[in-house]
There are 2 protein chains.
Amino acid sequence: MDKRLRHLALLRCFDAAARHQSYSDAAAELSISQAAVSQQIRNLEQHLGVTLFTRQGRGMLLTKQGKTLADTVARAFVQLSDGFDRIQIEPESGTLTVTASPSFCSRWLVPRLWKFSQQYPDIQVRALASAQYEDVRHSDIDVAIRQGEVMTSEVHQEILLHDPIFAVCSARVLEEHQLTSPEQVSNCWLVEAIGVGRTGFSWKDWFKLAKVPMQPGKMSWMEVTTWEMGINAVLSGHGIFLTSACMVQDILDSGALVKPFDIQIEPGLCFSLLYDDESPRIARIKVFAEWLRQELK
Amino acid sequence: MDKRLRHLALLRCFDAAARHQSYSDAAAELSISQAAVSQQIRNLEQHLGVTLFTRQGRGMLLTKQGKTLADTVARAFVQLSDGFDRIQIEPESGTLTVTASPSFCSRWLVPRLWKFSQQYPDIQVRALASAQYEDVRHSDIDVAIRQGEVMTSEVHQEILLHDPIFAVCSARVLEEHQLTSPEQVSNCWLVEAIGVGRTGFSWKDWFKLAKVPMQPGKMSWMEVTTWEMGINAVLSGHGIFLTSACMVQDILDSGALVKPFDIQIEPGLCFSLLYDDESPRIARIKVFAEWLRQELK
DNA sequence: TTTTATCCATAAGTTTTACTTATATTAAAA
DNA sequence: TTTTAATATAAGTAAAACTTATGGATAAAA
């Protein structure tokens with residue numbers, strides 16, 4: 001590091017003196033005595049080996065070097081002030097970056113963002129799909145929506161929703177397999193998502209809940225690694241899939257998928273909301289978080 | 001002034017810590033103890049009300065705000081270092097601004113600058129013609145050439161040359177008035193420069209030196225306020241003018257003007273050279289000053 | 001011109017801040 | 001678990017920043 005920056009504090013004095021072209025006025029601005037200013041500037045001049053002011057009658061006149069330095073210092077100070085502003089509080093309006101799993105992003109978040117934009121046109125939301133939890137404290141990411149609870153203590157974390165799990169299939173499968181009672185399900189392809197978070201449930205749980213004995217040998221299975229894949233599978237007519245409302249509600253509404261039974265695994269999927277309480281963008285984060293809560297009600 | 005700049009010195013610590021992502025390494029760089037760094041950063045965080053680092057196992061991790069601030073601070077420091085560089089010593093090459101009276105500029109300085117440029121192609125000289133002395137300490141001007149001595153004590157001042165005064169006229173006037181003896185001069189238009197500095201001489205002095213009695217009533221006078229005007233007057237055939245070698249040497253050489261007598265008022269015009277000894281551009285100033293001395297020999 | 005007011009400069013003493021040392025705490029590695 | 005390598009904290013010390021008091025210089029006022 002530049003050794004000349006060792007006497008940084010002296011520059012504050014110098015800046016004030018340069019702006020006022022007067023030690024007394026500078027002292028008044030800084031709420032210190034005139035003598036202090038005089039000494040500080042003498043020190044600075046000695047350290048730099050450069051005369052910064054010359055006495056001009058009653059006042060002080062900047063030398064050429066003094067002028068150059070004053071310009072630089074003033075600009076550097078403005079820059080620092082801006083920096084402080086930026087980390088202290090940012091306005092509500094601006095960009096907000098949200099991360100969630102690829103499935104949640106594409107199945108729930110992104111399809112609803114237009115509503116947020118309509119309500120808060122000054123906040124531009126960027127959605128970042130990512131398979132793993134992204135640190136919201138040490139990155140540019142402001143909000144994370146994650147399945148389950150994230151093992152971290154240093155940021156705000158709350159449960160956004162518990163979304164029950166139920167079975168969905170296409171209308172065609174419903175008809176072909178005559179899915180009027182849970183027993184019939186054994187004859188379908190059973191599609192199951194694995195490894196998407198610690199979901200903690202499976203077809204086994206469903207059959208138990210349905211009070212139907214499983215006959216492992218007799219059944220056809222398919223494992224998928226994302227909700228998306230499972231949904232695509234059943235959409236194209238392949239079997240029956242266990243998933244939650246937030247992933248498929250719009251498709252159920254459209255009629256492309258149906259929910260053959262009222263059987264629900266609860267509490268089901270748990271989604272957490274995480275953000276940095278001390279973020280400079282806390283204002284817009286809170287707006288977004290509140291919108292999320294309302295939207296999920 | 002931004003109150004947050006009160007704790008400027010803490011930023012030096014912060015900058016080092018941010019670069020190293022380690023208080024211990026920062027302490028080593030700054031040659032202070034680790035405890036000092038830890039305290040300084042705690043102070044900074046308190047003053048700003050913002051967490052800048054979080055502990056990450058053994059090391060320290062910048063928060064988002066910390067990162068932002070570190071960037072700003074780093075850039076501000078570079079700027080300050082540059083500022084210091086600029087006022088401390090500038091290289092020999094670069095721009096040099098010279099001021100002189102309009103007459104000296106146009107009659108002597110500018111016609112000779114090409115030689116300087118040839119010898120020192122890396123120094124770009126700008127010539128500033130100005131009727132009054134320009135401060136070389138508190139402006140962008142590096143060198144001043146002035147008639148007489150300037151009443152200032154805070155910059156370097158030396159006498160560049162004493163240039164004797166003599167009479168010049170056009171060849172036509174010489175012939176028409178048959179200027180073979182000083183007596184004949186009384187019949188010419190006497191052109192005299194007034195108010196161009198405290199020159200301290202006039203036609204009266206010349207007649208005295210020539211041992212010719214003046215006949216004020218019988219003579220025609222013309223007063224001019226610049227050397228330039230006088231030279232133009234005699235060049236176009238109007239009378240005889242008192243001036244010095246540096247103003248007309250080239251015209252005498254070309255034959256457009258002649259020097260009818262050997263009578264010289266001495267010491268005549270005195271030119272001083274002034275520059276700021278502590279200028280950051282002292283290197284190129286010294287080169288130019290030496291060239292001036294050689295050129296005037 | 002003399003006086004007065006208003007600056008800056010300096011010295012001595014005080015207060016505040018920065019720093020050090022020593023030790024505790026924490027988390028990773030062995 | 002023990003060791004190691006980092007940060008955190010407390011108490012004391014050193015350094016610096018600041019204040020008060022005073023002197024000197026300059027410009028404006030009398």
Side-chain angles (χ1 to χ4, degrees), chain A residues 1 3-48 50-63 66 70 135 137-138 151-154, chain B residues 1 3-48 50-63 66 70 135 137-138 151-154:
Chain A
M1 181 186 283
K3 280 171 194 157
R4 295 166 298 185
L5 292 169
R6 225 188 325 238
H7 310 284
L8 215 46
L10 305 180
L11 292 180
R12 230 171 71 83
C13 237
F14 171 69
D15 174 65
R19 275 184 288 107
H20 291 107
Q21 303 260 325
S22 152
Y23 288 7
S24 302
D25 293 357
E29 176 184 319
L30 301 171
S31 313
I32 56 176
S33 63
Q34 169 271 319
V37 175
S38 175
Q39 287 175 64
Q40 296 276 304
I41 292 191
R42 188 143 35 95
N43 283 348
L44 182 60
E45 289 183 329
Q46 273 169 15
H47 287 305
L48 294 176
V50 172
T51 306
L52 300 170
F53 284 99
T54 50
R55 226 176 139 147
Q56 180 77 324
R58 287 220 261 241
M60 301 306 287
L61 202 58
L62 279 166
T63 60
D135 187 342
R137 182 152 214 190
H138 302 287
M151 292 304 290
T152 175
S153 58
E154 58 174 17
Chain B
M1 179 187 283
K3 279 170 194 157
R4 295 167 299 185
L5 291 169
R6 217 181 342 226
H7 311 282
L8 214 48
L10 305 180
L11 293 179
R12 231 171 70 83
C13 239
F14 172 68
D15 175 65
R19 275 184 288 105
H20 291 107
Q21 303 260 323
S22 152
Y23 289 5
S24 302
D25 294 357
E29 175 185 317
L30 301 170
S31 312
I32 56 177
S33 64
Q34 169 269 321
V37 175
S38 175
Q39 286 175 65
Q40 297 275 300
I41 292 191
R42 188 143 35 96
N43 283 347
L44 182 60
E45 289 183 328
Q46 273 169 16
H47 288 305
L48 293 176
V50 172
T51 306
L52 300 170
F53 284 98
T54 49
R55 219 172 144 153
Q56 178 77 325
R58 290 193 186 170
M60 301 305 288
L61 201 59
L62 278 167
T63 60
D135 187 342
R137 180 151 214 191
H138 302 286
M151 293 305 290
T152 175
S153 58
E154 59 174 15

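The chains referred to below are lettered A, B, ... by the order of the sequence lines, with proteins before strands, and numbering in each begins at 1.
Residue A:Leu8 holds its CG atom at 10.0 Å from CG of B:Asp15, rounded to the nearest 0.5 Å.
The phosphate of D:dA6 (OP1 or OP2) has no side-chain N or O of B:Arg55 nearer than 4.0 angstrom.
Between B:His138 and A:Leu62, every side-chain heavy-atom pair lies at or beyond the 4.5 Å cut-off. Between A:Asp25 and A:Glu29, the closest side-chain pair of non-hydrogen atoms is not below 4.5 Å.
Here the P atom of nucleotide D:dT9 and the CD atom of B:Glu45 are 11 Å apart, to the nearest Å. Atoms CD (B:Gln34) and C1' (D:dT4) sit 15 Å apart, rounded to a whole Å. Rounded to an integer number of Å, the gap from CD of B:Gln56 to C1' of D:dT7 is 13 Å. At whole-Å resolution of the value, CE in A:Met60 and C1' in D:dT26 are 13 Å apart. In this structure, CD1 of B:Ile32 is placed 17 Å from P of D:dA14, rounded to the nearest angstrom. If you measure from atom CG of A:Asn43 to atom P of D:dA17, you get 7 Å, rounded to the nearest angstrom. Regarding A:Leu10, its CG atom lies at a distance of 13 Å from the C1' atom of D:dC18, rounded to whole Å.
Backbone-only contact: B:Gln40 has heavy atoms under 4.0 Å from sugar-phosphate atoms and none from a base. Within 4.0 Å (heavy atoms only), B:Ile41 reaches no atom of the nucleic acid at all.
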Run the side-chain donor-acceptor check on residues 41-48 of chain A: report pairs under 3.5 Å with partners two or more places apart or on a different chain.
residue, atom, partner, partner atom, Å
A:Glu45, OE2, A:Leu52, N, 2.7
A:Glu45, OE2, A:Phe53, N, 3.0
A:His47, ND1, A:His7, NE2, 3.4

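Shortest non-hydrogen contact noted between A:Arg12 and A:Leu30 is NH2-CD2, 3.6 Å. Taking every heavy atom of both residues into account, A:Ala18 and A:Ala70 meet most closely at CB-CB, 3.6 Å.
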Worked verdict on B:Arg137 versus A:Thr51 for side-chain contact (heavy atoms from CB on, under 4.5 Å): CA-CA 10 Å; B:Arg137 180 151 214 191; A:Thr51 306; 3.7 Å; yes

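Between the base of D:dA8 and the side chain of B:Gln39 there is no donor-acceptor pair shorter than 3.5 Å.
Listed in residue order, the members of residues 12-30 of chain B having a heavy atom less than 4.0 Å from DNA chain D are B:Ser22, B:Tyr23, B:Ser24.
Protein chain B contacts DNA chain C over a range whose 5' and 3' limits, counting nucleotides with an atom under 4.0 angstrom from a non-hydrogen atom, are C:dA18 to C:dA29.
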